[in-house]
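One structure below.
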2 protein chains.
Amino acid sequence: MDTQLSIQQLAASTGLSPHTLRYYERIGLIQNVARDAGGRRRYTAADLDWLRFLMRLRQTGMSITEMLRYAGLRREGSSTQAERCAMMEAQLAHVRQEIARLQALAGFLADKVDGYHDALRISMNAANTEIKHAESRRNPLPERPRKTRRS
Amino acid sequence: MDTQLSIQQLAASTGLSPHTLRYYERIGLIQNVARDAGGRRRYTAADLDWLRFLMRLRQTGMSITEMLRYAGLRREGSSTQAERCAMMEAQLAHVRQEIARLQALAGFLADKVDGYHDALRISMNAANTEIKHAESRRNPLPERPRKTRRS
DNA sequence: CTCGAAGTTTGAGTGCACTCGAAGTCAAGC
DNA sequence: GCTTGACTTCGAGTGCACTCAAACTTCGAG
């Protein structure tokens with residue numbers, strides 16, 4: 001059973017909009033999409049797999065242009081395996097670098113958040129002191145040492 | 001010494017272009033930039049710090065709109081500390097989620113790369129076999145088991 | 001004094017990845 | 001037969017974050 005999918009069904013299965021599916025076909029990311037008697041698109045399971053693969057590449061930050069290059073190579077057959085492999089390796093390196101970059105930025109944000117927490121603790125303490133009319137003038141809470149987070 | 005910076009100098013110190021610096025001022029991301037007698041921008045060290053901070057936020061994926069909101073809150077003073085803190089916490093959560101997302105995608109790409117390596121090893125082996133005229137018909141290299149990488 | 005480099009403002013242009021609109025076609029239900 | 005709604009193509013529009021162009025001013029070197 002060669003289950004065929006309408007554009008709506010493929011949209012539902014991928015999460016892409018029909019608009020985007022037509023757009024991907026227009027630019028050549030998907031090719032040779034079958035049509036029924038009335039000229040409507042009939043997608044195959046292979047189309048669905050390919051789309052899902054493309055979506056993952058997209059999620060890694062690969063540009064449409066790069067994906068087009070990959071799609072072109074794939075169409076040329078197994079002689080381009082090494083090149084496609086290199087593309088995936090490059091993309092993997094790219095993603096790993098991005099992870100490292102974001103980890104450093106997470107450290108920066110965590111420090112910033114800690115700074116705010118300290119500031120807020122102090123200002124709450126000050127407010128408290130006012131309410132209590134300097135009742136707890138002895139024993140001020142120590143200013144919590146700054147934890148230089150590097151996650 | 002209140003070292004002032006020209007737009008070129010600030011551009012050099014931040015890596016942003018003069019165009020972008022003017023743009024940031026136009027939209028209100030930086031405000032009250034001093035001018036010299038001839039109407040040229042004179043940036044302060046505080047401006048530089050603020051720009052560097054903005055750039056980091058930008059690198060975390062924060063939109064210009066969000067940064068404008070943060071800038072507005074900061075201008076309103078310490079009464080908005082809690083809100084700014086919440087923004088930083090939200091952004092930190094965002095970055096951590098992004099890291100997790102990318103780690104999953106790195107796993108996917110690593111699998112893909114492994115798949116290609118296996119395929120290439122086999123095709124090279126086949127090529128080799130041809131060259132050697134089936135000399136090594138006994139003892140075919142085992143098809144290396146697929147390592148389902150989850151990094 | 002003149003020249004050229006670098007600055008100013010404002011509005012318009014760019015590139016990416018969609019996203020939509022208009023005008024037309026087609027099949028099914030009433 | 002007529003309507004409805006989903007489909008088709010194609011070109012145009014959108015949002016984001018810059019990026020540039022044009023016309024003008026200003027400063028410093030020669």
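Reminder, nothing fancy here: chain letters follow the sequence lines and each chain counts from 1.
Atom CZ in B/R42 sits about 11 Å away from atom P in D/dC27, given to the nearest Å. Taking atom CG of B/L10 as the reference point, atom P of C/dG7 lies 12 Å away to the nearest angstrom. Atom pair A/Y43:OH and D/dC7:P shows a separation of 10 Å (rounding to whole Å applied). Taking atom CD1 of residue A/I27 and atom P of nucleotide D/dG11, one finds them 16 Å apart after rounding to whole Å. For the pair B/E66 CD and D/dG15 P, the computed distance is 18 Å after rounding to whole Å. For the pair A/I7 CD1 and C/dA27 P, the interatomic distance rounds to 17 Å; values are reported in whole Å. Between the P atom of D/dG28 and the CD atom of B/Q8 lies a distance of 16 Å, rounded to the nearest Å. Counting to the nearest Å, the C1' atom of D/dT19 and the CG atom of B/L21 are 13 Å from each other.
Judged by Watson-Crick or G-U wobble contacts below 3.5 Å, the nucleotide C/dC18 has D/dG13 as its partner. Within the shown strands, C/dC1 is the pairing partner of D/dG30 under the Watson-Crick or G-U definition, both distances less than 3.5 Å.
Within the nucleic acid shown, A/R35 comes within 4.0 Å of sugar-phosphate atoms alone, with no base atom in reach, counting heavy atoms only. Among the atoms of the strands shown, only primed sugar atoms or phosphate atoms (P, OP1, OP2) are found under 4.0 Å from some heavy atom of B/S63.
When distances run from any side-chain atom of B/Y23 to the nucleotides D/dA17, C/dC20, C/dA17, the shortest one goes to D/dA17. In the set C/dG7, D/dA12, D/dC7, C/dG7 carries the atom at the smallest distance from any side-chain atom of B/S6. Of the candidates C/dA17, D/dT26, C/dG11, D/dT26 carries the atom nearest the B/R40 side chain, counting heavy atoms from C-beta on. For A/R22, the listed nucleotide lying nearest its side chain is D/dT9; candidates were D/dT9, C/dG7, C/dC18. Listed nucleotides D/dT9, D/dC18, C/dT9 differ in distance to A/R41; the shortest reach to its side chain belongs to D/dT9. Taking the side chain of A/H19 as heavy atoms from C-beta on, and the options D/dT19, D/dC27, C/dT19, the nearest nucleotide is C/dT19. Of the candidates D/dC18, C/dC18, D/dT19, the closest approach to any side-chain atom of B/R26 belongs to D/dT19.
Linking Ile, Leu, Val, Met, Phe, Trp and Tyr residues whenever their side-chain heavy atoms come within less than 4.5 Å places B/M55 and B/L68 in a single cluster.
Taken to the nearest 0.5 Å, the CG atom of A/L21 stands 8.5 Å off from the CZ atom of A/R41.
Of all heavy-atom pairs spanning B/R52 and B/S13, the tightest one is NH2-O, 3.3 Å.
In terms of position on DNA chain D, the residue among B/G39 and B/Y24 whose nearest nucleotide sits closer to the 5' end is B/Y24.
Between B/Y70 and B/W50, the angle of the ring planes stays under 30°, which puts this pair in the parallel group of the 30/60° scheme.
We find that B/R101 and B/E98 are joined by a salt bridge, their nearest charged nitrogen and carboxylate oxygen being less than 4.0 Å apart.
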